[in-house]
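First up is the structure itself, then whatever we jot down about it.
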Amino acid sequence: MDKEQVAAVLTEIGTLLELKGENPFKTRAYHNAARTLEGLAEPLDKIVAEGRLGEIKGFGDALVDKITKLVTTGQLPYYDELKASVAPGLVEMLGIPTLGPKKVKKLHDELGVDTIEALEAACKAGKVAVLDGFGEKTQTKILEGIAFKRQFASKHHLHKALAVAQPILESLRQHPDVTRCSTAGSLRRWKETIGDIDFLVSSRQPTEVIEFFVTQPGVLSVSAKGDTKASVIVEGGIQADLRVVSDAEYPFALAYFTGSKEHNIVMRQRAIARGLRLNEYGLFRSTEETRDPALRLPCNTEEDIFRELDLTYVEPELREDHGEFAAAEAGKLPRLLEWTDLRGSLHNHSNWSDGHETLDQIAGHAEGLGLSYWAITDHSRASFQANGLSPERLTQQLADVAAVNQKLADSGTDFRLLTGTEVDILKERLDFPDDLLAQLDVVVASLHVAGSDEADNTKRLIRAAENPHVHMLGHLTGRLLLERNPYPLNQQAVIDACAATGTWLELNASPWRFDLDWRLWHYARSKGVKCVINCDAHRLDHFGYLRLGAGVARKGWLTKADVINTLSLAELRKALKGRKK
DNA sequence: GCCGTTTTCGGCCCGACTGTTTTCAGTCG
């Protein structure tokens, strides 16, 4: 096993021990060891072979023995026995909000519950509410949690859908019988979560293309296969649909299948108002149902369709009926940000807190990608679970960043790391004093532990925005897509406070967050609030989130001028030092 | 589980909220 696999086993052991009610310090030792492994710079098998595993802090005799067995043989009887002794349903139950190991254990011990279904039945029978430490509210929350999980089981995060779609799209593009092809639907509109993946192809040989599609690598099963369309289930349980049309129909089908439904309704209304009829097969000179090619207006691209309906081209991201028609009619749609405009990210983590890589590794990777800057904003002390930095460690880190930058300067490169923090917004104050914040290039203030009181959460965020050293607020609502709803919060009031104080707002580009939501950027932009698209990177492969975040920013109507991290390093330094209002 | 030591077992361990309590356990980040 490699270190990722070993880390996964150790994490699972820790979770299983929690469910058995083991000493929390013991379970934590496993979780800590897993995290340490993931952060190792050199190969695990080398360390094991050279007998240096025990030199690593947190690795005693027991862990060295178990890790060595996993690395050298891929087996660990202790793990197998432990796993066999715990019902798999219990691990699944941990995924329900408000249920942790203690409650799950109690439910299992007292009620014999070992599946989600059994838990649901027990709640409905009122058996949970009468348990010691449980009550009516807990029982209700568990039922809500189960419903929430089921509701979102059919939705998928954008990056996962993209990862599945891109190789298939590339494959279709190479096929000799494919003339034009594209994704469509919510994926093309860059929605934050995706129900199913839509592909559109134009071809003279639909049967061949469909056969090719259903035999793509990653296709788990074929749910439907006809003359013009097919549906398959691909890896990750995502449904993917292919539609094949003639090349003359292609732009109409692309517009139709891209949607949104609401956008399409307005498009059809505009067609009717002009004595035309719009559907997936064409824009026809007729108000009757028809597919007669002789009546079809000659449109080769989507641009042509919009023009026929007296509109400038509307980018797919904007097709939500959120004001795009009025703007397109007036020729006032903004020129949207391009992801290649971005020069760096201002909210990221290193192995000083809960990130995976060293400052050197991060700087090397960012420079290699052609970026201009990258801020290191590790967690502050209160984020204990994330190994948050004390003021002393932060001060040490400043020196280390300076040393990395000196090396960069000596090698003649213009790329620089920036110092910073993601400082916790505590109940009455920020986690670091102002004089420390004043020494940093970048200060991101984030709420990690919010309450249930909307007014109080709002007040805390506004107070953070009013701090003269805070450049921006991070992941405003704390939502985790498909997992956790936003904190109760008056977002508009916070945006107004940002406008009044000159505080920037983060667009957190992690595909689990995309926070602030695209629907609110239009408002923020109208108030003059600047956006910062941040990766919140915890490892090198999170750098690609810049592209995801740029798509969300486009969906929020943002232009290059609205986004701070399109600035050059010199311009950015000036903006960071500029006095807030 | 690990660590450190007044060398053999006690301490490890932030800050806040919710729901259950009537002073605290469990959960979360």
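These numbers were taken from a predicted model, which means no experiment stands behind them. In what follows, chains are A, B, ... by sequence order, proteins preceding strands, each numbered from 1.
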From [options], nucleotide with atom closest to [X] side chain:
{"X": "A/Pro101", "options": "B/dG1, B/dG29, B/dT27", "result": "B/dT27"}
{"X": "A/Lys103", "options": "B/dC2, B/dG26, B/dA16", "result": "B/dG26"}
{"X": "A/Asp456", "options": "B/dC28, B/dG1, B/dC17", "result": "B/dC17"}
{"X": "A/Lys137", "options": "B/dG15, B/dG26, B/dT20", "result": "B/dT20"}
{"X": "A/Asn23", "options": "B/dG29, B/dC12, B/dC17", "result": "B/dC12"}
{"X": "A/Lys427", "options": "B/dG19, B/dC14, B/dC17", "result": "B/dC17"}
{"X": "A/Gln385", "options": "B/dC17, B/dG29, B/dG1", "result": "B/dG29"}
{"X": "A/Ala62", "options": "B/dC28, B/dT27, B/dC2", "result": "B/dC2"}
{"X": "A/Leu426", "options": "B/dG1, B/dT27, B/dG15", "result": "B/dG15"}
{"X": "A/His448", "options": "B/dG1, B/dA16, B/dG29", "result": "B/dG29"}

Under 4.0 Å, heavy atoms only, any strand: does [X] hit a base, just the sugar-phosphate, or nothing?
{"X": "A/Lys105", "result": "nothing"}
{"X": "A/Pro97", "result": "sugar-phosphate"}
{"X": "A/Thr138", "result": "sugar-phosphate"}
{"X": "A/Leu17", "result": "nothing"}
{"X": "A/Asp61", "result": "sugar-phosphate"}
{"X": "A/Glu428", "result": "nothing"}
{"X": "A/Ala382", "result": "base"}
{"X": "A/Ala386", "result": "nothing"}

Does a side-chain N or O from [X] land closer than 4.0 Å to OP1 or OP2 of [N], or not?
{"X": "A/Tyr78", "N": "B/dG1", "value": "yes"}
{"X": "A/Lys141", "N": "B/dG19", "value": "yes"}
{"X": "A/Arg484", "N": "B/dG29", "value": "yes"}

If we take the [atom1] atom in both [N] and [M], what is their distance in whole Å?
{"N": "B/dC2", "M": "B/dT7", "atom1": "C1'", "value": "16 Å"}
{"N": "B/dT5", "M": "B/dG11", "atom1": "C1'", "value": "12 Å"}
{"N": "B/dC14", "M": "B/dT20", "atom1": "C1'", "value": "23 Å"}
{"N": "B/dG29", "M": "B/dT22", "atom1": "P", "value": "28 Å"}
{"N": "B/dG26", "M": "B/dT21", "atom1": "P", "value": "12 Å"}
{"N": "B/dC9", "M": "B/dA16", "atom1": "C1'", "value": "33 Å"}

Spacing between [X] atom [atom1] and [N] atom [atom2], to the nearest angstrom:
{"X": "A/Tyr30", "N": "B/dC2", "atom1": "OH", "atom2": "P", "value": "7 Å"}
{"X": "A/Asp65", "N": "B/dC2", "atom1": "CG", "atom2": "C1'", "value": "15 Å"}
{"X": "A/Glu22", "N": "B/dG1", "atom1": "CD", "atom2": "P", "value": "7 Å"}
{"X": "A/His538", "N": "B/dG29", "atom1": "NE2", "atom2": "P", "value": "13 Å"}
{"X": "A/Asn457", "N": "B/dC17", "atom1": "CG", "atom2": "P", "value": "9 Å"}
{"X": "A/Lys57", "N": "B/dC3", "atom1": "NZ", "atom2": "C1'", "value": "7 Å"}
{"X": "A/Asp424", "N": "B/dG29", "atom1": "CG", "atom2": "P", "value": "13 Å"}
{"X": "A/Ile56", "N": "B/dC3", "atom1": "CD1", "atom2": "C1'", "value": "16 Å"}

Kindly label the base of B/dT7 as syn or anti, based on whether its glycosidic torsion lies within 90° of 0. syn

A/Arg393/A/Asp378 ion pair, N-O < 4.0 Å: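 No, A/Arg393 and A/Asp378 are not salt-bridged.
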
If you find the nucleotide of DNA chain B closest to A/Glu136 and the one closest to A/Arg28, which residue's nucleotide is nearer the 5' end?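 Nearest nucleotide further toward 5': that of A/Arg28.
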
Return whichever of A/Pro24 or A/Leu63 has its heavy-atom-nearest nucleotide of DNA chain B closer to the 5' end. A/Leu63

Has A/Lys555 got its NZ or CZ under 6.0 Å from the middle of the six-membered ring of A/Trp190, at an angle within 45 degrees of the ring axis?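 Output no; distance or angle outside limits.
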
Here's one to test your reading of the geometry: is the NZ or CZ of A/Lys66 within 45 degrees of the ring axis of A/Tyr78 and under 6.0 Å from its centre?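 Flagged: A/Lys66 positioned over aromatic ring of A/Tyr78.
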
Taking a pair as Watson-Crick or G-U wobble with both distances under 3.5 Å, which nucleotide is matched to B/dA16? B/dT27

Mind running ring-ring contact (aromatic ring centres under 6.0 Å, His included) on A/His349 and A/His347 for me, showing each step along the way? CA-CA 7 Å; A/His349 300 273; A/His347 169 186; 5.2 Å; yes

Side chain A/Thr419, main chain A/Leu398, donor-acceptor under 3.5 Å: no

Using a 3.5 Å distance criterion without hydrogens, assess whether the side chain of A/Ser345 forms a donor-acceptor pair with backbone atoms of A/Cys535.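 Between the backbone of A/Cys535 and the side chain of A/Ser345 there is a qualifying donor-acceptor contact (under 3.5 Å).
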
Are more than 12 heavy atoms from other residues, nucleotides or ligands located less than 6.0 Å from atom CG of A/Asp61?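 Check fails, neighbour count at 12 or below.
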
Students often mix this up, so state it plainly: with edges at 30° and 60°, are the rings of A/Trp374 and A/Phe543 parallel, tilted or perpendicular? parallel

